[in-house]
Amino acid sequence: MRILQVSAEIFPLLKTGGLADVAGALPIALQSQGCDVRVLLPGFPAILAGLKDPVRVGSFGTPWGEAVEVVCGAMPALGNETHTVIAYVLVAPGLYDRPGNPYEDANKHPYADNHRRFAALGWGAAHLAHGLDRLWCAQLVHSHDWHAALAPACLAVWNAGMGPRVPSVYTIHNLAYQGVFWPQNFGDLGLPGHVFSMQGMEYFGQISFMKAGLSYASHITTVSPTYAREIQTPDQGCGLDGLLRGRAGNLSGILNAVDDAVWNSAADRHLEHHFDVRNMTGKARNKAVMQAELGLTVDAEVPLFTVVSRLTEQKGMPLVLSGLDEILARGGQLLVLGNGDTQLEQAFAQQAKTHPAQVAFRMGYDESFAHRIFAASDVTVVPSRYEPCGLTQMYGLKYGSLPLVRRVGGLADTVTDTDLETLDDQSATGFVFDAFQVDDYRRAIRRAFALYHRRSDWNRVRQTGMRIAFDWASAAQHYTNLYKSLI
Ligand code: ADP
Ligand code: GLC
């Protein structure tokens, strides 16, 4: 099966969140299942820099009269000894040649022409499914998140919708980020008028890329079974729950996994000390090094709670701040790496200043430091308001850090709460709380301390977590079965 995967980011070349991790891991996992996968990406500087020996395969014109060149080459940073990832990249400097974040300028304002930048991505996919490259033609297009959500619409209207249609899978990584634009931009998209309707991409008078994906994809997936159910409710449906309920027969949740080539505590190139479930000495060393480096009290007996996250309300950061005294009063430590909302950044910086021996804050985005944090951490804190899947709780599990999470979305699907029963049957892997309220969060923190003081129980729970596979092979198998059924 010839599958074209379309996304705006891809690890390790360009990443703002978990989408990139998934887009980077999936092609090889699918190739291992026998799929002939290629990827399509916008020509951001970091993407073009990662493309080896690009050759021109063709070009197409945008509805607003700009020419887009399509080049093709290998991406060595994504491949391994047995697999090569071939990428198509859209070369359109006017659209993509901007430094930094792919979606917004230095002042964190979305680019005013984002609808054009990502409409081009959708049309690029449709062209590659209809012969733009004479040597390789996609049989199915799998696009991710709103940036790539126009692809299913472009495929659906190709040849005025006559003749057999190239099927599409659209994966929602986060329903809250929708790509909504003013209706006067519709003309730029090059889609026929009927698409601007309730059955198409019209969304409360505006145009929504997300809705285009949901309306026109042959099949919709999202990144955990629980989130697939939650988004069909008004509470989590972001105004699209009705549409999603209507498409329930073509909507499924496929749980993300962890890329072992990137997240393996026994071989991680970012770590000073390696470790695995049979020998945890390296983990203790990583913790001591981290405590010393950040000016925290160096003490193996003090539990180190950590956060590696975008600093937003979605991620439950207000809970972490208001429940901080629970950690402080019990003599624990908190380390936060992240950036995002300015107010949250300032609040964490202030706490670190006030409690330098117990709280550390590193502002910014730092891939290597993130690996070292999971390796040093005792508890990975992810108290999200909503969470489509969440990857950091799985990285925590693999690196021997017990996740403390809210029972929502993919967090509910990947962490088993510790209680007498789950301790007894050895299924416990972390701490799970229910309500998005500080009291519930605090109780989970207290339970983490209680377990920490029972070291043999703690070690047993930690071992259970470290042994969970979370491998991409089973997710890739689900996607492959889906592709087969659609082609
Ligand atoms: P989301 O995509 O919603 O932000 P995920 O848990 O799916 O959440 O993925 C987040 C990814 O981004 C993980 O790989 C995590 O390690 C990484 N990450 C988040 N914040 C930072 C940061 N400040 N520095 C380095 N990596 C980060
Ligand atoms: C999104 C979600 C996150 C998920 C990631 C990868 O960014 O917020 O929960 O893990 O996509 O699918």
Side-chain angles (χ1 to χ4, degrees), residues 1-10 18-41 85 88 118 121-130 136-158 164-175 178-179 201 209-225 227-228 231-232 240 243-244 246-257 388-389 410 472-487:
M1 286 182 292
R2 290 184 306 278
I3 310 295
L4 183 68
Q5 174 187 290
V6 193
S7 64
E9 323 181 359
I10 201 156
L19 165 66
D21 288 358
V22 174
L26 206 47
I28 298 237
L30 290 166
Q31 282 186 26
S32 305
Q33 302 284 328
C35 290
D36 178 2
V37 184
R38 296 191 176 192
V39 302
L40 169 66
L41 296 150
V85 175
Y88 294 99
F118 297 109
L121 189 60
W123 281 112
H127 281 283
L128 285 166
H130 290 96
W136 191 93
C137 190
Q139 290 174 289
L140 180 144
V141 173
H142 181 176
S143 60
H144 298 267
D145 262 358
W146 77 261
H147 329 103
L150 225 55
C154 299
L155 291 169
V157 303
W158 197 271
R165 168 176 162 190
V166 176
S168 54
V169 172
Y170 174 61
T171 297
I172 307 166
H173 292 263
N174 193 332
L175 190 63
Q178 300 191 349
M201 68 185 298
F209 274 50
M210 173 65 76
K211 191 173 169 191
L214 302 181
S215 298
Y216 293 103
S218 317
H219 190 95
I220 304 162
T221 72
T222 187
V223 287
S224 71
Y227 192 61
I231 55 176
Q232 297 180 51
L240 294 163
L243 168 55
L244 287 163
R247 297 222 57 195
N250 302 101
L251 164 65
S252 50
I254 299 178
L255 193 65
N256 285 336
C389 179
W472 271 108
S474 62
Q477 178 80 61
H478 285 294
Y479 283 114
T480 310
N481 291 342
L482 177 61
Y483 301 155
K484 266 190 208 140
S485 73
L486 296 170
I487 287 178

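When all heavy atoms are compared, the tightest approach of L41 to A8 is CD2-C, 4.4 Å. Pairing each heavy atom of A129 with each of V166, the nearest pair is O-CG2, 3.8 Å.
Remark: side-chain polar atoms of S218 are paired, donor with acceptor, to backbone N or O of S168 under 3.5 angstrom. Under a 3.5 Å cut-off, the side chain of R247 and the backbone N or O of I220 do not form any donor-acceptor pair. Side-chain atoms of S7 come within 3.5 Å of backbone N or O of E9 as a donor-acceptor pair.
L128 has its side chain out of reach of C137: every pair of non-hydrogen atoms, C-beta onward, lies at least 4.5 Å apart. Residues D36 and W136 form a side-chain contact, since some pair of their non-hydrogen atoms from C-beta on lies under 4.5 Å apart. A 4.5 Å side-chain heavy-atom check between V6 and L121 finds at least one atom pair inside the cut-off. M210 is listed as a side-chain neighbour of Y170, based on a closest heavy-atom distance under 4.5 Å. You'll find the side chain of L40 stays beyond 4.5 Å of the side chain of Q5, heavy atoms only. Taking the side chain as every heavy atom from C-beta outward, M201 and F209 approach each other to under 4.5 Å. At least one side-chain heavy atom of T480 sits under 4.5 Å from a side-chain heavy atom of C35. The shortest distance between side-chain heavy atoms of I231 and L240 does not fall below 4.5 Å.
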side-chain contact (heavy atoms from CB on, under 4.5 Å) assessment of L251 paired with Q232 = CA-CA 10 Å; L251 164 65; Q232 297 180 51; 3.3 Å; yes
Show your reasoning for whether side-chain contact (heavy atoms from CB on, under 4.5 Å) applies to H127 and W158.
-> CA-CA 9 Å; H127 281 283; W158 197 271; 3.5 Å; yes
Check step by step if side-chain contact (heavy atoms from CB on, under 4.5 Å) holds for L140 and L4.
-> CA-CA 6 Å; L140 180 144; L4 183 68; over 6 Å; no
Could you walk me through whether T221 and S252 pass side chain to side chain donor-acceptor pair (under 3.5 Å), step by step?
-> CA-CA 5 Å; T221 72; S252 50; 5.9 Å; no
Would you check, one step at a time, whether the test side-chain contact (heavy atoms from CB on, under 4.5 Å) holds for V223 with I254?
-> CA-CA 5 Å; V223 287; I254 299 178; over 6 Å; no
Evaluate the criterion ring pair (Phe, Tyr, Trp, His ring centres under 6.0 Å) for residue pair W123 and H130; output intermediate values, then yes/no.
-> CA-CA 11 Å; W123 281 112; H130 290 96; 9.6 Å; no
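The distance from atom OG1 of T171 to atom NE2 of H144, rounded to the nearest 0.5 Å, is 5.0 Å. For the atom pair CG (L26) and CD (Q31), the distance works out to 10.5 Å, reported to the nearest 0.5 Å. Rounding to the nearest 0.5 Å gives a distance of 7.5 Å between CD1 of I3 and CG of L30. For the atom pair L482 CG and Y479 OH, the distance stands at 8.5 Å (nearest 0.5 Å). With rounding to the nearest 0.5 Å, the separation of CD1 in I487 from CD in Q139 is 4.5 Å. Atom-to-atom distance recorded for L175:CG and K211:NZ is 12.5 Å, nearest 0.5 angstrom.
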For residues 145-157, run the donor-acceptor check on the side chains, cut-off 3.5 Å, and write out each pair with its distance to 0.1 Å, sequence neighbours left out.
from : atom 1 : to   : atom 2 : distance (Å)
D145 : OD1    : H173 : N      : 2.7
D145 : OD1    : N174 : N      : 3.3

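Aromatic rings of Y483 and H142 (six-membered ring for Trp) have centroids within the 6.0 Å cut-off, being under it.
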